[in-house]
Amino acid sequence: MTLSRKNLVLRILLFIGAVAALVYFLPRSDRKHYIFEVNRPWTYPLLTAPFDIPIHLDSVSTARLRDSIDAEFQPVYKRDATLEKTVIAECTAKINALSDERLTPSEKNQVIKALRALYADGIVDRETFNQISVGSLPIVRFISDNVAISVPTSKMRSTFRAYEHLDSLLSDRGVRQALTAARISEMLTPNITADSLANSRLLADAYQKATAPVGVLQQGERIIDKGDIVTPRLATVLETYEQMAAERSDKAITQHHYPVAGQTLYMIILMAALFAYLMLFRPAYYDDNRTLLFVVLLTVLFSLFAYAMNATFRVGLYIAPFTIVPILVLVFLDSRTALLVQMTVVLACAIVSNSPLEFIFIQFVAGLAAIDSLRDLSRRSQLIRTAAVIFLAYSLGHIAVEIIQTGTLDKTEGRIFGAFGINAILISFSYVLMFLIERIFGFTSQVTLVELSDINNPLLRELSEECPGTFNHSMAVSNLASEGARAIGANTQMVRTGALYHDIGKIKNPAFFTENQHGVNPHDALSPQQSARIIISHVTEGLSMAEKAKLPGAIRDFISQHHGRGTAKYFYNTYCNAHPDEKVDPAPFTYPGPNPQSRETSLLMMADAVEAASRSLKDYSPEAIRTLVDRIIDGQIADGLHNESPLSFKDVQTIKDSFARRLTTMYHSRIAYPDKK
């Protein structure tokens, strides 16, 4: 299988995997579910009744009616006649069995009569008696032969109060002592208890009658339309509709398979648009496996994260920091791709939003604000400013939609702005994600480039100490190359940083390079081949040092490509002149390469050669400088060193102009100061 076929298969699998993941994890239910709030506008299209829908009282009215039923309800109790007879018989037997206290038959009859009177009035449990005492239970009902009889509770007593009353009725001291000896207080048991089953049944019947439908919406009748305010009555109708729709959803193909088919087609179109953009307008990204994988994974993983946030929080889609997506793409790729990837994620998530148009509009505004405020991320403090701008964009977008829908801001909820605030705070995590993406995908962010360009970096500090001439040369090349990068729209920070490190390999043998010599040239004692080998080795030595220091691959490209496959011409020409009759093999005098592969590395090759050659000029007139620039760059082009670079002829001319202008400024003539006489 050829490499191109492998890449094609990889892209097909990546496309299918992305669509499958988005569809599989897309939240769905087996019935139509609407998300709405009472006293807020209805955000869905016109809804009509697909079947007859009963109209019930709203929740507030229902709760008020239930409270009224509870307040007026007379609980049902039952009297246990068998228990009465049993307790009285036991008490009689106890009294008759007393031997020490001799009660007359009249006194015994008095006690039994008092007990029968107590049970006739009713003895209840302590909880019921407490309700009677505070006046919350003035009347109870007894049901006999399906006939309810209301009975006042004023004469009912607890077991303690019943014995206390019995004791007060019997004035004779001997009779009271007999009661104590017979332990009558322990034998008293409630004969009236609550009938929980009857109470539950009667309350349920009362609730059902009170909450019966007060009307019917006929099939085909309008329920609510977009923009209508959801009143408490409409909210009840909508809840009834959803409940009935769930009960009627027996046809699984209608309720499940058709939506999944539509969602799959939706995601296929969305991902196809993203792939088509990359293939047509960003072929370099599309052809690079790492970049394509980064874009697709970022799109899919953030969409899944947004699904989870939406399922967890009521305003989860507005808490999810969607603007992290364009920030990350902008840092590693470009602004247009950043906006397109963000809108792909937004459209993939809009399908689960209860207000899709509002959601898309607000996220679009926030994404543009993020991209515009973060064109060149080089400091962490810029993220704070961007977070503030994003919060403002979210807020203004929401206010605009709110005014359009309701015509006022009176009903605006503060929690949505709280969600925007949390969203803005979460933007700070993009800094951590940049670090992870750099390590996983091998990208290089602007922040990393700025950090590497600090001259206090260990490698640069060693270069300045061991090779001061090379360090000054690198600084000059950095300024010259960044001027050219700015002129043609290349990555200025990348060129500036790469130029600072391109000659770090010279640290190994500083004295063999002209800019570090002080009158003694060690090449005088070496053959041209030996000298060329030492000079060329600064590329391989530099790559070794860069790898040890874990410099990004983009910076290592500047080290390996700043001479390309060119030759060490000084020593090559010297050897050729010394051996005019010999066919010279250029291999020992040729740098390992490769030739520059990007606009930035081509710029560095040009700036490196031009800056070094400019130091040997005797005439720094604009004409001489321009001639030097043309000769150096045209010579490199003639040697084919820039054939693999995407530079255009227009770019080359622009670079020449910027180099000539910069060198003319650097080497301008100065006015001689007169001596004081």
Look only at the side chain of [X] and the backbone of [Y], and say whether a donor-acceptor pair between them is shorter than 3.5 Å.
X	Y	result
Arg496	Ala481	no
Gln342	Gln363	yes
Ser68	Arg64	no
Asp52	Gln219	yes
Asn423	Ala320	yes
Thr497	Met494	no
Arg385	Ser373	yes
Glu221	Gln218	yes
Asp454	Asn457	no
Ser355	Glu358	no

Considering all heavy atoms, the nearest [X]-[Y] contact:
X	Y	value
Phe361	Gly397	CE2-O, 3.7 Å
Ala306	Leu317	O-CD2, 3.8 Å
Leu347	Tyr266	O-OH, 2.6 Å
Leu374	Thr386	CD1-OG1, 3.2 Å
Val341	Val295	CG2-CG1, 3.8 Å
Leu452	Leu551	CD2-CD2, 3.9 Å

Applying side-chain hydrogen bond (donor to acceptor under 3.5 Å, both in side chains), run through Glu438 and Thr444 and close with a yes or a no.
CA-CA 6 Å; Glu438 283 184 322; Thr444 306; 5.5 Å; no
Atom pair [atom1] ([X]) and [atom2] ([Y]), whose distance is rounded to the nearest 0.5 Å:
X	Y	atom1	atom2	answer
Phe443	Phe332	CZ	CZ	7.5 Å
Ile390	Ile427	CD1	CD1	4.0 Å
Leu426	Ile319	CG	CD1	8.5 Å

Does Ser598 have any side chain to side chain contact (heavy atoms under 4.5 Å, CB included) partners at least two apart in sequence or in another chain, and if so, which?
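For Ser598, the residues satisfying side chain to side chain contact (heavy atoms under 4.5 Å, CB included) (neighbours in sequence not counted) are Glu600, Thr601.
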Might you confirm whether atom [atom1] of [X] has over 12 heavy atoms from other residues, nucleotides or ligands at distances under 6.0 Å?
X	atom1	answer
Phe73	CZ	yes
Glu547	CD	no
Phe441	CZ	yes
Arg486	CZ	yes
Arg233	CZ	no

[Y] and [X] side chains, donor-acceptor separation under 3.5 Å:
X	Y	answer
Ser196	Asn199	no
Gln493	Gln446	no
Thr337	Tyr277	yes

When the ring centroid of His398 is compared with that of Tyr318, is the distance short of 6.0 Å?
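No - the distance between ring centres of His398 and Tyr318 does not fall below the 6.0 Å cut-off.
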Distance-only check: which donor-acceptor pairs under 3.5 Å involve side-chain atoms of residues 9-23, not counting sequence neighbours?
unit_1, atom_1, unit_2, atom_2, d
Arg11, NE, Tyr286, O, 3.1
Arg11, NH1, Asn7, O, 3.0
Arg11, NH1, Asn289, OD1, 2.9
Arg11, NH2, Tyr286, O, 2.6
Arg11, NH2, Asp287, O, 3.2
Arg11, NH2, Asn289, OD1, 2.9

Worked check of ring pair (Phe, Tyr, Trp, His ring centres under 6.0 Å) between Tyr501 and Phe558
CA-CA 8 Å; Tyr501 287 89; Phe558 284 94; over 10 Å; no
Could you label the plane-to-plane angle of the Phe302 and Phe322 rings as parallel, tilted or perpendicular, counting under 30° as parallel and over 60° as perpendicular?
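Geometry flag for Phe322 against Phe302: perpendicular rings.
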